[in-house]
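To keep things clear, I will list the structure first and then write my remarks on it.
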Amino acid sequence: MSRYNLDYLDELEAEAIHILREVAGQFEKPALLFSGGKDSITLVRLAEKAFRPGKFPFPLVHIDTGHNFIETIQYRDEMVARIGEKLIVGSVQQSIDEGKVVEQTGKNASRNALQTVTLLDTIQAYGFDACIGGARRDEEKARAKERIFSVRDEFGQWDPKRQRPELWNIYNGKIHKGENVRVFPISNWTELDVWNYIRRENIALPSIYFAHQRDCVVRNGQLMGATPFLNMDEEDVVVSKKVRFRTVGDMTCTAAVESEAIHIDDIIAEISHSKVSERGARMDDKVSEAAMEDRKKGGYF
Amino acid sequence: MNILKFFTAGSVDDGKSTLIGRLLYDTNSILADQLEALQNANRKNDDGTIDLAILTDGLRAEREQGITIDVAYKYFQTEKRKFIIADTPGHIQYTRNMVTGASTADLAIILIDARNGVVEQTIRHTYLVSLLGIKEVVVAINKMDMVGYSETVFNAIVTKYKALALQLNLKQVTYLPVSALKGDNIVHRSGQMAWYDGKSLIELLEKVNTEEQQQGPARMPVQWVIRPQTDDLHDYRGYAGRILSGSFKVNDKVVVLPSGNRSTISKIEFFDNELQEALAGQSVTIHLKDNVDLSRGDTIVNASAVPHESKLIEADLCWMDTRPLGTELTYLIQHNSTLTRCKISELIYKVDINTLEKHNASSFALNDIGRVVLKTAAALAFDLYGDSRQNGSAILIDSRTNLTVGALMFRAAVE
Ligand SMILES: Nc1nc2c(ncn2[C@@H]2O[C@H](COP(=O)(O)OP(=O)(O)OP(=O)(O)O)[C@@H](O)[C@H]2O)c(=O)[nH]1
Ligand SMILES: [Mg+2]
């Protein structure tokens with residue numbers, strides 16, 4: 001393909017749109033997993049580019065941990081109203097209430113691990129055969145190994161040793177009943193590419209991505225937002241800091257970074273010079289060397 | 001700024017992962033927390049320095065065994081260019097993963113262990129590079145530190161490889177003596193090899209010209225038909241797809257395949273923009289003047305340069321499944337957005353990887369490569385792989401397992 005006339009952002013965009021349209025063409029019941037973070041917000045813009053003026057051929061699915069930032073939920077609801085697409089919410093609280101999962105206890109308790117169960121239940125309840133996600137290969141070393149069309153078995157498990165060959169731009173979406181495919185259209189984007197794209201496309205983001213004053217506590221060298229969801233004890237000292245979030249997940253597992261970046265240009269400058277990766281701010285990845293691989297094998301995003 | 005996609009190939013332990021780690025390390029592309037993880041890792045080099053290979057060996061099983069099992073993708077950029085690297089496994093058992101990484105690449109780096117020279121996997125991977133139509137090849141002769149940085153050793157390997165390149169008709173080959181472990185000639189020129197006055201690897205990668213032909217006949221497989229069916233967009237029908245080659249302009253005369261219906265482009269849209277022209281690589285929406293029958297799997301092509309259309313196709317095949325190819329079986333074949341059934345009606349030859357000789361074959365087993373004739377249930381509209389990597393390639397799917405079992409490169413339409 002003679003793709004060299006295209007600027008790199010145009011090329012990444014065209015590739016992602018191609019992947020989204022393959023999902024539409026190959027599956028009966030796809031869904032777009034929407035977390036409210038910048039990567040899934042980018043996916044929504046790409047879906048608009050792929051399918052407008054038509055409707056999206058899939059609903060948005062949000063797995064709500066109940067511990068989300070309020071800003072994320074607000075953003076989600078406003079966005080859904082603006083684009084006029086269907087939103088399905090899978091609730092971790094409901095999974096807890098139904099006794100399907102048990103809330104973690106202790107200081108580092110988080111609902112991050114519990115979401116997998118809610119996700120798999122939601123997939124099963126609606127019979128989704130493909131779930132589009134915003135994961136990128138530059139995020140983490142196990143993700144760097146995953147195919148763009150990544151097949152999951154009936155239990156949602158990823159088997160890294162049995163991945164299908166993925167050749168040229170041909171995506172094999174054939175699956176058996178009960179299996180599903182996770183599709184990652186922005187696999188080849190880096191964190192900086194996403195930010196440059198958001199700037200170019202003038203996409204609005206939840207305010208937590210920009211520097212703001214927030215009460216925080218220091219945990220394992222990381223700044224965590226002091227929220228009612230974080231189990232705190234006398235050792236935790238609350239300090240007010242000017243921070244922003246680089247990645248947005250659950251409030252209990254996403255750390256803030258000190259920052260003065262109030263404009264997207266500041267953020268791009270900050271990331272370009274950063275000495276720490278995006279995932280460095282995720283407590284869930286710090287657990288062990290293979291934390292992400294193990295979660296994916298268990299059905300995680 | 002544009003993107004260069006490249007991959008590393010070569011035999012097990014030739015140092016592919018280490019080379020990529022070194023490239024990232026010496027271009028300051030490794031961030032502090034990743035470096036910290038490397039320093040804390042159990043796997044270390046013998047002299048206690050950090051093992052750069054674990055940057056890409058991201059799976060538990062890989063770190064435990066010290067080998068690469070599946071492709072890892074890494075991203076970095078210099079002031080001149082953006083790079084997407086595929087680190088592929090050297091082990092023969094995982095050749096299909098190597099082909100996965102190679103199929104989208106513009107350039108191949110073939111590593112050779114200076115102590116061992118050209119070995120079977122070097123030949124296999126070089127052969128795959130030539131089959132896959134990757135024009136730019138960098139031969140990195142690695143572990144020069146273990147042969148005393150000897151020019152004689154280097155030259156002997158170059159001579160040997162040149163014969164192979166000639167046989168396989170590879171024209172753009174550059175040879176480079178390196179030590180991935182010590183960092184010689186990766187980003188920094190080596191102080192150990194005064195006899196070598198060429199570029200370092202990164203200089204080569206930044207410079208290499210991958211400008212492919214913008215020409216080529218206009219092709220767009222239709223992936224999806226956009227039909228809002230709302231009151232104000234009642235008659236809207238947009239054909240969504242990515243242009244494989246060439247370009248389409250408004251008012252161009254086109255043919256839709258396989259139906260053969262003719263029409264004219266009335267409008268080209270990209271989201272809320274109208275375009276006068278759309279180029280290869282772009283994902284757009286095309287509108288036609290006439291209401292022709294058109295759905296996913298059809299291809300819109302320029303009326304004055306139509307592709308081959310045939311149910312009998314001669315193709316090179318890389319077999320990627322542990323179950324052997326069955327000539328009595330029906331497989332699915334996926335070519336762009338077209339999915340149909342096919343049989344392998346003839347095995348023309350299989351290639352012996354050691355000698356590159358062609359032999360008669362009665363079956364293809366895992367990792368076998370050769371030439372076949374396939375018979376498809378519906379005619380495919382295709383170009384030859386040598387003219388178009390996109391429209392000249394397809395995959396075979398075993399409908400019992402749904403696995404991708406073969407990579408096909410079309411070489412001729414059988415009349
Ligand atoms: N002395 C020396 N050792 C090297 C050099 N490059 C790699 N090695 C060592 O060779 C061994 C294999 O290196 P890897 O980078 O894992 O090899 P690989 O080609 O990626 O192997 P597979 O992916 O499993 O095919 C490791 O112990 C490296 O430290 C080099 O330039 N000099
Ligand atoms: Mg390796």
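Owing to the predicted nature of the structure, the values given are computational and were not obtained by experimental measurement.
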Okay, B:Arg219 and chain A: the region with an atom under 4.5 Å from a heavy atom over there is neither
Do B:Thr100 and A:Arg147 have side chains that get closer than 4.5 Å, going by heavy atoms? yes
Value rounded to 0.5 Å, distance of CE in B:Met409 from CH2 in A:Trp168: 4.5 Å
Under a 4.5 Å heavy-atom cut-off, does chain A meet the side chain of B:Val225, its backbone, both or neither? neither
Would you please say whether a donor-acceptor pair under 3.5 Å links the side chains of B:Gln390 and A:Asn169? yes
Note, B:Leu403 side chain near A:Lys174 side chain (heavy atom, < 4.5 Å): no
Given side chains that start at C-beta, do those of B:Tyr73 and A:Glu146 come closer than 4.5 Å, heavy atoms only? no
Residue pair A:Gln26 / B:Arg296, side-chain heavy-atom distance below 4.5 Å: yes
Heavy-atom pair with the smallest gap, counting every atom of A:Glu22 and B:Ser337: OE2-CB, 4.2 Å
Quick check: do A:Leu167 and B:Val99 have side-chain heavy atoms less than 4.5 Å from each other? yes
So how far is it from A:Glu179 CD to B:Asn402 CG, rounded to the nearest 0.5 Å? 7.0 Å
OG1 of B:Thr104 to CD of A:Glu15: how many Å apart, nearest 0.5 Å? 8.5 Å
B:Gln334 (side chain) donor-acceptor with A:Tyr171 (main chain) under 3.5 angstrom: yes
Are any of the side-chain heavy atoms of A:Asp10 and B:Gln282 separated by less than 4.5 Å? no
So for A:Ala50, is it side chain, backbone, both, or neither that comes closer than 4.5 Å to the heavy atoms of chain B? backbone
Over all atoms of both residues, closest heavy-atom pair of B:Ser283 and A:Ala14: OG-O, 2.8 Å
What I'd like to find out is whether the side chain of B:Asn97 reaches to under 4.5 Å of the side chain of A:Pro165, using heavy atoms alone. no
Taking NZ, NE, NH1 and NH2 as the nitrogens, is one of them in B:Lys82 or A:Asp193 under 4.0 Å from a carboxylate oxygen of the other? yes
How long is the straight-line distance from CG of A:Leu12 back to CD1 of B:Ile84, given to the nearest 0.5 Å? 6.0 Å
Any luck finding a side-chain donor-acceptor pair between A:Asn188 and B:Tyr75 under 3.5 Å? yes
Ignoring hydrogens, what is the shortest heavy-atom contact between A:His176 and B:Arg400? Give both atom names and the distance. CE1-O, 3.2 Å
So which part of A:Lys145 gets closer than 4.5 Å to some heavy atom of chain B, the side chain, the backbone, both or neither? both
Quick one: does B:Gln223's side chain have a donor or acceptor within less than 3.5 Å of a partner on A:His18's backbone? yes
Looking only at heavy atoms, what is the nearest atom pair of A:Pro53 and B:Tyr236, with distance? CD-OH, 3.1 Å
Taking every non-hydrogen atom, the tightest pair across A:Phe51 and B:Ile226: O-CG2, 3.6 Å
